[in-house]
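All values below come from the heavy atoms of this structure, side chains included, with hydrogens, waters and symmetry mates left out. A note on names: the letters A, B, ... follow the listed sequences, proteins ahead of strands, and every chain is numbered from 1.
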Amino acid sequence: MTPPVLDVGAILPMIIVAAGAVLMPLFEVLLARMIQQKRTWLSRPMTRELAGTMMAFGTALILGTALIFTLGGFLRPDRVFNADHPLIRLDAMALFLNAVVLLSAIMTVLISIRYLAELRNNRGEYYALLLASVLGMMLLTSAMDLLMLFLALELMTIPIYALAGYQRSSLRSNESALKYFVIGSFASGLLLYGTALLYGATGTLALDLIGQARFDQENPVALVGAGLLVIGLVFKVGGVPFHQWAPDVYEGAPTSVTGFMATAVKVAAFGALIRVMAVALGPSQDQFYVPLWVIAVLSMTVGNVMALIQRSVKRMLAYSSIAHAGYAMVGICVGTDEAYAAVLFYLLVYTFMSLGAFAVLAMATRERTQSGEIGDLAGLHATRPFFAAVMAICMFALAGIPGTGGFMGKFKLFEATIARWSATPADQGLLWLAVIGVLNSAVSLYYYLRVPVAMYMEDPRAGETEQPGSGFFGWLVLATCAAAIFLLGLMPQDLGLFWNLDPLAGAAAAADALR
Amino acid sequence: MESIGSIADGYLLSTLIFLPLASCVVLWFLELLLRVFANGAGISEAFWKLYGVAVSLAGFLVSLEVWNRFDPASGQLQLVERVPWLANLGIHYYVGIDGISLLLVVLTTFLLPVILLASWSDIGVRVRQYVFFMLALQTGMLGAFLSLNLFLFYVFWEAMLVPMYFVIGIWGGARRIYATIKFFIYTMVGSLLMLIGILTLVYMHFQEFGVLTFDYIGFGGATGILDVPIAAWPEQDPWWSQRQVWLFLAFAFAFAIKVPMFPFHTWLPDAHVEAPTPGSAVLAGVLLKLGTYGFIRYAIPLFPEAAQACAPLMLTLAVVGIVYGALVALVQSDVKKLVAYSSVSHLGFVMLGLFAFNLQGIEGSVLQMVNHGISTGALFILIGMIYERRHVREISAFGGLAQVMPIYAVFFLIATMSSIGLPILNGFVGEFLILLGAFGTYPIFAAVATSGVLLGAVYMLWMVRRVFFGPVVHQANQRLVDLSLRERLVAVSLVIPMVWIGVYPASFLTPMDASVNALLARLRDRGAVLSDEVALDANPRGGQEIDLAGESEPLEKEPDA
């Protein structure tokens with residue numbers, strides 16, 4: 001038996017992140033000793049705050065290195081770690097989504113510096129857990145095997161359970177963690193059971209082999225297995241009717257973690273969902289058309305309608321993220337290459353607009369003294385004009401106003417829907433999918449507009465003297481989000497001029513590579 | 001050709017569209033620089049106001065240059081620019097102008113400096129933001145008028161809502177937030193369905209002809225959606241013939257909300273009443289015209305058969321709007337609300353003219369769009385002037401103002417007469433042409449609409465009598481100061497075009513003559529719409545003897561300011 005040929009270069013970014021996750025607790029111990037021994041670093045006395053900042057920088061550095069290698073991977077896509085057992089394939093889609101996940105993680109880390117300092121809770125485990133979760137996400141988007149997919153999913157979510165409960169003194173944070181843990185475990189169980197049934201029906205765990213096997217359409221075991229698999233993943237992206245956990249979990253978790261959950265977790269889970277749908281269940285896609293249609297419509301509608309009646313901005317954004325999962329589900333329901341490309345592009349845009357909004361929330365509101373209601377943002381334009389401007393841009397982007405990436409993303413999704421419909425005009429369901437989608441955008445406008453209303457059209461509440469500042473890195477994150485929203489909205493194709501990465505073409509190539 | 005002049009020639013329309021937006025960015029950077037280097041010491045508010053007036057005036061000059069270069073003899077789209085944007089989706093940055101959009105563009109660029117000047121003392125807080133949003137709004141409006149790509153049009157059409165939302169929401173009245181959100185959502189619902197309509201149209205076109213393009217009309221070898229003769233569409237295909245109606249309705253819904261046509265008008269009184277004076281003036285002056293422009297540019301030419309099939313419906317709504325708007329205006333006690341409802345009535349006339357499907361009707365409609373923009377804009381500005389002094393708008397709070405403020409009364413009376421349609425003022429020409437055109441095609445609708453003219457005179461004159469004549473009842477009205485020099489300048493600049501259009505409409509009808517004829521010819525091409533029993537005559541120039549822009553008149557060029 002010849003030893004397997006391993007392409008270590010293919011998984012270099014993952015190795016870097018894994019090493020970071022392992023080394024981060026050690027780094028913390030080192031810093032703690034420096035504090036204990038009252039050492040100085042660069043002639044500054046080592047304090048808890050400085051230690052926290054250094055850990056954040058270390059994490060950002062690790063993630064940044066991984067991002068560079070991931071982007072470098074585009075030069076040679078489709079690498080497989082072990083050609084004999086292709087558990088991981090770094091095709092264009094995986095690289096694209098890994099880059100999005102890493103971007104989201106880097107921005108989360110940068111806004112965490114101030115946020116955690118404000119909470120006086122800046123410990124190394126935060127960064128270690130974050131890195132471990134990122135590793136899980138990177139594996140999840142590239143998994144070509146159901147077992148790998150399950151492992152990656154758990155590696156992604158277990159650290160998130162802990163992160164949601166990171167604020168140990170806060171009841172809500174604890175509640176959030178526990179809820180997420182219980183329901184998440186349930187979803188994982190469903191997914192695992194589905195995997196087992198699929199294995200029983202097809203005799204393989206490899207996604208492409210399941211796809212090739214073209215299991216007997218009448219085989220209930222295979223259908224139930226595939227259904228449970230999809231349900232498990234829809235749980236993770238927060239699609240209705242498997243969304244109940246999302247608002248409470250999002251609200252209770254520390255805001256920086258919420259931003260990370262709402263973006264990176266969703267991006268990775270959608271990656272897995274696309275891969276399962278396109279590769280493993282592609283031949284039997286029609287069987288899933290109706291359930292996916294229903295999930296997409298329900299997610300959009302329930303998410304938007306529930307968001308209408310929320311008072312807390314965080315809960316509102318939680319429901320809005322359910323609605324956005326619904327928009328992305330439209331693309332998965334349509335299921336053409338063009339639609340998958342639209343979903344990928346949408347996930348990229350969504351990351352910026354959603355994370356930007358959570359970043360402003362994390363920095364502009366004081367969690368210990370404020371209720372987190374929309375009223376907390378009243379008059380923000382006067383106290384913190386930059387925060388207000390970025391928040392407004394994010395809200396308009398989420399609502400899908402032209403000129404922003406949010407519009408371009410929705411446009412691509414509905415374009416793909418109509419394109420498929422015009423090819424098969426008998427299928428009126430596709431038209432209705434698009435119509436319901438745009439009407440939902442109109443509904444969502446109501447609650448998105450309330451945020452600029454509070455920030456720009458209402459006077460600041462009495463007694464609030466000053467807002468906390470952002471710090472340079474917080475500023476950088478917000479500026480990046482705002483710039484990315486406009487660039488993706490106005491010149492998605494021309495971004496390649498600057499750094500040879502064309503999101504539209506990248507998403508299209510990624511969808512191509514799936515088949 | 002490397003002189004700067006030739007560059008400006010090539011990008012004249014882009015200059016026109018993006019000059020205001022670019023100066024928005026400059027404004028923002030100026031403020032940023034000040035905050036960093038001058039330690040937060042801002043420039044005085046007067047500077048920002050002057051900045052806004054200067055930039056919008058520059059925009060007006062550019063638009064006059066556009067008029068100067070525009071060839072009125074040609075019905076083609078002119079000064080065209082077309083560069084790829086999202087080329088593989090068939091989306092281009094594609095702008096051009098014809099006689100119809102020319103008038104509306106000049107209306108926009110003319111109104112903006114006047115409105116900014118008029119609001120000099122009205123807007124007292126957050127002036128920099130106000131100038132920012134007004135200039136951004138101008139870019140949105142001009143872009144929507146000049147776009148020739150459906151996607152580009154949609155982008156401008158929607159993006160324009162954002163600055164208007166802020167203008168109403170920040171500087172508006174007590175119920176401003178309700179009004180601005182209602183305005184935004186109403187418009188958005190309509191336009192989102194239009195987006196589905198656009199996508200469906202484009203992909204139907206793609207399925208039939210294999211060309212994926214959002215271009216409205218072809219240019220330089222590339223085809224646009226309008227280029228395919230209607231005969232080429234598979235007529236027997238029920239897929240197309242049914243959907244043409246649905247597509248028309250999707251577009252019409254978006255535009256009807258914006259116009260606004262009865263029964264989609266309910267956002268308008270709220271928005272008008274709550275908006276600050278400049279907001280109302282832009283809304284009435286320009287934004288509503290985008291709805292009627294949408295019909296004339298997109299909904300009717302793209303789906304002529306469906307438009308004609310739906311004409312009875314549209315005409316009914318238009319006529320109901322005319323009478324209903326007039327009747328509701330009659331009972332209003334708030335001057336601003338009265339003028340707002342009069343807009344519903346007047347825009348019903350515009351729709352009536354459009355769906356008459358003949359030269360007089362359409363030319364009258366376009367002219368009436370301009371007229372309504374000027375006279376209703378003027379009315380809102382004038383109401384703003386008195387509101388600034390008294391902070392009330394109730395008709396009963398006034399009375400006998402003609403004695404206290406004679407100059408104001410004169411200007412208000414002229415604007416009223418222009419709105420009613422008194423001969424030698426602008427409103428008369430437009431309404432006359434519309435009714436002439438409509439009588440040719442749909443005499444009954446025209447007859448009912450005529451009652452709207454009558455009612456218009458009733459509610460406007462009744463309001464004028466109660467506000468300006470009779471004894472001065474209220475003490476507060478006794479010490480009112482008449483118009484200042486700035487206000488007189490504003491009023492005079494609005495009266496000039498009223499008289500000009502009223503006395504010599506040819507200088508405004510001539511530029512659009514060829515374009516409207518080209519439009520009618522296209523309608524004919526695209527489905528023999530103007531069959532003999534519908535059109536007055538087969539010859540498009542047949543209405544010449546009653547056409548006010550007769551060819552016996554020398555072609556008059558607008559003298560450049």
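- Nearest heavy-atom pair across A:Gly489 and B:Trp85 is O-CZ2, 4.4 Å.
- Heavy-atom distances place the side chain of B:Ile177, and not its backbone, under 4.5 Å from chain A.
- The two atoms that bring A:Ala442 and B:Leu192 nearest to each other are N-CD1, 3.6 Å, heavy atoms only.
- If you measure heavy-atom distances from A:Pro385 to chain B, the contacts under 4.5 Å come from the side chain alone.
- Considering OG1 of B:Thr200 and CH2 of A:Trp421, their distance stands at 5.0 Å, rounded to 0.5 Å.
- Atom CZ of B:Phe184 is separated from atom CG of A:Leu449 by 5.0 Å, given to the nearest 0.5 angstrom.
- Across all their heavy atoms, A:Pro402 and B:Ala159 have their closest contact at O-CB, 4.0 Å.
- The two residues A:Met457 and B:Arg176 have their closest heavy-atom pair at O-NH2, 2.7 Å.
- For chain A, no part of B:Leu152 is nearby; none of its heavy atoms comes within less than 4.5 Å.
- Pairing each heavy atom of A:Gly403 with each of B:Val155, the nearest pair is N-CG1, 4.3 Å.
- Take A:Tyr446 and apply the side-chain hydrogen bond (donor to acceptor under 3.5 Å, both in side chains) test, not counting sequence neighbours, and it matches no residue.
- Ring geometry for B:Phe151 versus A:Phe407: interplanar angle of 30 to 60°, hence tilted.
- The two residues B:Glu158 and A:Ile401 come nearest to each other via the heavy atoms O-CG2, 4.5 Å.
- Both the backbone and the side chain of B:Tyr165 come within less than 4.5 Å of a heavy atom in chain A.
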Evaluate the side chain to side chain contact (heavy atoms under 4.5 Å, CB included) criterion for residues A:Met408 and B:Leu86: first the C-alpha distance (whole Å), next the side-chain angles of each, then the deciding distance (0.1 Å), finally the verdict.
-> CA-CA 11 Å; A:Met408 202 54 95; B:Leu86 306 172; 3.5 Å; yes

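- Listed options A:Ala399, A:Ala434, A:Ala419 were ranked by heavy-atom pairs under 4.5 angstrom with chain B; first place goes to A:Ala419.
- The structure places NE2 of A:His381 at 6.0 Å from CD of B:Gln129, a figure rounded to the nearest 0.5 Å.
- Remark: A:Ser444 OG to B:Met188 CE distance equals 7.0 Å, nearest 0.5 Å.
- Distance check, rounded to the nearest 0.5 Å: CZ of A:Arg420 to OH of B:Tyr203 gives 14.0 Å.
- Only the side chain of B:Leu195 has a heavy atom closer than 4.5 Å to any heavy atom of chain A.
- In this structure, B:Ile196 and A:Leu431 have side chains that are in contact, with non-hydrogen atoms separated by less than 4.5 Å.
- Interatomic distance, CD1 of A:Ile418 versus CG of B:Leu201, reported as 11.0 Å (0.5 Å rounding).
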